[in-house]
Structure formats: C-alpha cells, structure tokens
Amino acid sequence: MLAAIRNAHAMVVLTGAGVSKESGIPTFRDAMDGLWAKYDPAELATPEAFARDPEKVTRWYDERRVRCSAARPNPGHRALVQLQDWCGQQGKTFTLVTQNIDRLHQAAGSRDVIELHGSVWVWRCVECGMEREERGPLLDRHPPRCDCGGFRRPAVVWFGEMLPERALQDAFAAAEQCDLFLSIGTSGLVTPAADLLYAAKDNKALILEINPEPTPATALTDWMLQGPAGQILPRLLASLCEDR
Ligand code: OAD
C-alpha cells in the first residue's frame, strides 16, 4: 500500500463527518450519537423545512455554528495537510474534497479544499443571494435578515438541493483523473459525493478507505484501514515520510 501511495501521480481525498468526530463534532449516521439519530433531517435540512419554520432551522444551524467554533483540527486533519505538502514535494497532484461544513481542514492548513456541501459559517440571503460570514456568538435574531430585508439561510446544501456547480465539476474532474483515491470518514451513502469513488474506480484508480466501520464501498476498495482517522492518518504519514 505504501508503494502505491509513493507511486501515485494524482491523489484525491474525499472526507466526511468521521474526520471531524475526534474534534468533538458528531457525525450524521452513527447509531448512538449521530445527528440524524437525534434529529429529523426532513425538519431541519430541507428547503421545505426552512419554508415551514425558518426560525427553527436557523436556530439549529446557529447552534451547530457555535459548536463548530469551539472545535479544533485533530491529528487526522493535520496529517492531511502533511500529505498535501508531501505530494507537492514529490510533484504529485493532490485534491482534497470534503462533505464537511466545519472548515476544520482549512483551519488545519489544507489549501484549495473543495467544499461540496457548503459551509456552516456562511449565511446566504434567499432574496438577493448576498453571503455573509458569521463567526461570533449565537445570533440574536432568527431567522437572520439581510440588509435587503430578505431571510438569510445557512449556505449549506440541504436534501433535495443541487451541489455548488463549480465544486462538483472540479471534484469529478479530479476523481476522473486520479490514480489513487482515499475515502476517509464517510459512510458513502449520500450522492453525488459518494459517486466520486466510482468515478475514480472507473479510471482504474486504486482505492484506500479509512473508517472504523466497513461501508458499502468497502468491497470495492484495495485497502481498508480500519480505525479512527485521527490515529490511522498520522501513522500512515509517519510511515510514508520514513526513509525507504
Ligand atoms: P455519516 O455520518 O454518514 O458517516 C460518518 C462515517 O464516519 C461513518 O462511516 C463512520 O463509521 C465514520 N467514522 C466515525 N468515526 C470516525 C473516525 N474517528 N474516523 C474516521 N471515520 C469515522 O457522514 P458523511 O458520510 O459525512 O450532508 O455524510 C454525508 C452527508 O450526509 C453529510 O455531508 C451531510 C449528511 O446528510 C448534508 O448535510 C448535505
């Protein structure tokens, strides 16, 4: 496996909520503490939910925003920065695509991150489209309002919505051209993000998965490193950077 990483020319890394779990941010589908075990996505993460009860939706995202602001990148995020640096030194192409909205990859130092599902830090006016970043404490007004008077919603992708076109195109272009694809901390249940792995596989890329649990994609992988990303990735990087 190390030889495959060393021999790769173009690497794509797809991350999901599992990568941020060790930073204290819950995943969506873990049976005990996943967000969707406690909350109904149909009531919080759809355009219909926002139309029905914008206050409830924006309060929930505002609480998630404040919770994310307390989170710090973990060793898994930092190892991915090292991997990007290492790829740069070796003349390899490296693309990091994330489904996470917490921006912890960027906080760790990852560059040019493709955000498929938007960001919890940004509010977008549903009338004029103006976006505004909010980093401070809980908002005092829900839903927040734009200067134009329109409601602001979180600039994240909800169920039933299209992904940002540019991010999607860039992610698929990278996946279709890569020769090594890493799927880390994602259940692989949400498309189109989950289809990136299949696009890579169609191009005969080798697939490495890192996850404490098997996923539907595990059967397609060339290697599965079973365990938490915050433990596996630093070890992987240490082995990779050792003298051959
Ligand atoms: P999920 O909650 O579906 O899956 C999280 C994955 O992380 C699971 O496969 C866990 O086994 C794994 N995991 C848990 N702890 C881990 C750790 N320490 N290290 C590595 N992996 C770990 O989250 P996503 O796959 O990200 O979409 O979900 C995809 C999308 O579904 C999200 O972006 C969100 C959600 O609905 C939107 O909000 C649009």
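One-based numbering, in listed order, for ligands and for the atoms of each. Small disclaimer: the values here were computed from a predicted structure and weren't measured.
Every atom of ligand 1 is numbered from 1 in the order shown, and the set under 4.0 Å from a heavy atom of Gly16 is 26 (O). Here is the list of ligand 1 atoms found below 4.0 Å of a heavy atom in Thr186: 6 (C), 9 (O), 24 (P), 25 (O). For ligand 1 and Lys21, the ligand atoms under 4.0 Å from any heavy atom of the residue are 14 (C), 15 (N). Which parts of ligand 1 touch Glu22 is read off a 4.0 Å heavy-atom cut-off, strictly below it: atoms 17 (C), 18 (N), 19 (N). Listed by atom number, the atoms of ligand 1 under 4.0 Å from Pro228 heavy atoms are 17 (C), 18 (N), 19 (N). Close contacts of ligand 1 with Glu213, meaning ligand atoms under 4.0 Å from a residue heavy atom, involve 11 (O).
Closest to atom 14 (C) of ligand 1, if we only count protein heavy atoms, is Asp30 OD2, 3.7 Å. Distance from atom 32 (C) of ligand 1 to its nearest protein heavy atom, with residue and atom name: Phe28 CE1, 3.4 Å. Scanning the protein heavy atoms around atom 33 (O) of ligand 1, the nearest turns out to be His117 ND1, 2.8 Å. What sits closest to atom 38 (O) of ligand 1 on the protein, heavy atoms only, is Val157 O, 3.9 Å. In terms of protein heavy-atom proximity, atom 28 (O) of ligand 1 is closest to Arg29 NH1, 3.2 Å. Scanning the protein for heavy atoms near atom 19 (N) of ligand 1, the closest one is Ala229 N, 2.9 Å. Of all protein heavy atoms, the one lying nearest to atom 29 (C) of ligand 1 is Gln99 OE1, 3.2 Å. Scanning the protein for heavy atoms near atom 17 (C) of ligand 1, the closest one is Gly18 O, 3.2 Å.
Using a 4.5 Å cut-off on side-chain heavy atoms (C-beta onward), Leu96 and Ile114 make no contact. For the pair Leu116/Leu196, a side-chain contact is recorded, criterion being any heavy-atom separation below 4.5 Å from C-beta on. Taking 4.5 Å as the limit, every side-chain heavy atom of Leu104 sits out of range of all side-chain heavy atoms of Asn74.
Ion pair Asp179/Lys92 not flagged as a salt bridge, since none of the NZ, NE, NH1 or NH2 atoms sits closer than 4.0 Å to an Asp/Glu carboxylate oxygen. Remark: Arg65 does not engage Glu63 in a salt bridge, criterion side-chain N to carboxylate O under 4.0 Å.
Looking only at atom types and distance, the side chain of Gln99 has no donor-acceptor partner in the side chain of Thr15 under 3.5 Å away. Judged purely by distance below 3.5 Å, without hydrogens or angles, the side chains of Thr98 and Glu115 never pair a donor atom with an acceptor atom. Remark: the Asn100 side chain and the His117 side chain contain no N/O donor-acceptor pair separated by less than 3.5 Å.
Looking at ligand 1, you won't find any N or O of Asn100 less than 3.5 Å from one of its N or O atoms.
Proximity of a side-chain donor or acceptor of Thr46 to a complementary backbone N or O of Ala42 within less than 3.5 Å is detected. The backbone N or O of Pro214 lies less than 3.5 Å from no partner atom in the side chain of Asn211, so there is not a single donor-acceptor pair.
In this structure, Gly230 does not count as a contact residue of ligand 1, since none of its heavy atoms falls inside 4.0 Å of the ligand. Assignment of Val190 to the shell around ligand 1 is supported, since a heavy atom sits closer than 4.0 Å. Taking 4.0 Å as the cut-off, Trp158 does not count as a neighbour of ligand 1 on heavy-atom distance.
Both tests hold for Arg153 against Trp158: distance to the six-membered ring centre under 6.0 Å, angle to the ring axis within 45°.
Comparing Val156, Leu225, Asn211 by heavy-atom distance to atom 12 (C) of ligand 1, the nearest is Asn211. Compare Ala17, Pro216, Gly185, Gly76 by their heavy atoms: the one nearest to atom 6 (C) of ligand 1 is in Gly185.
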Evaluate the side-chain contact (heavy atoms from CB on, under 4.5 Å) criterion for residues Leu237 and Leu83: first the C-alpha distance (whole Å), next the side-chain angles of each, then the deciding distance (0.1 Å), finally the verdict.
CA-CA 7 Å; Leu237 262 291; Leu83 184 59; 4.1 Å; yes
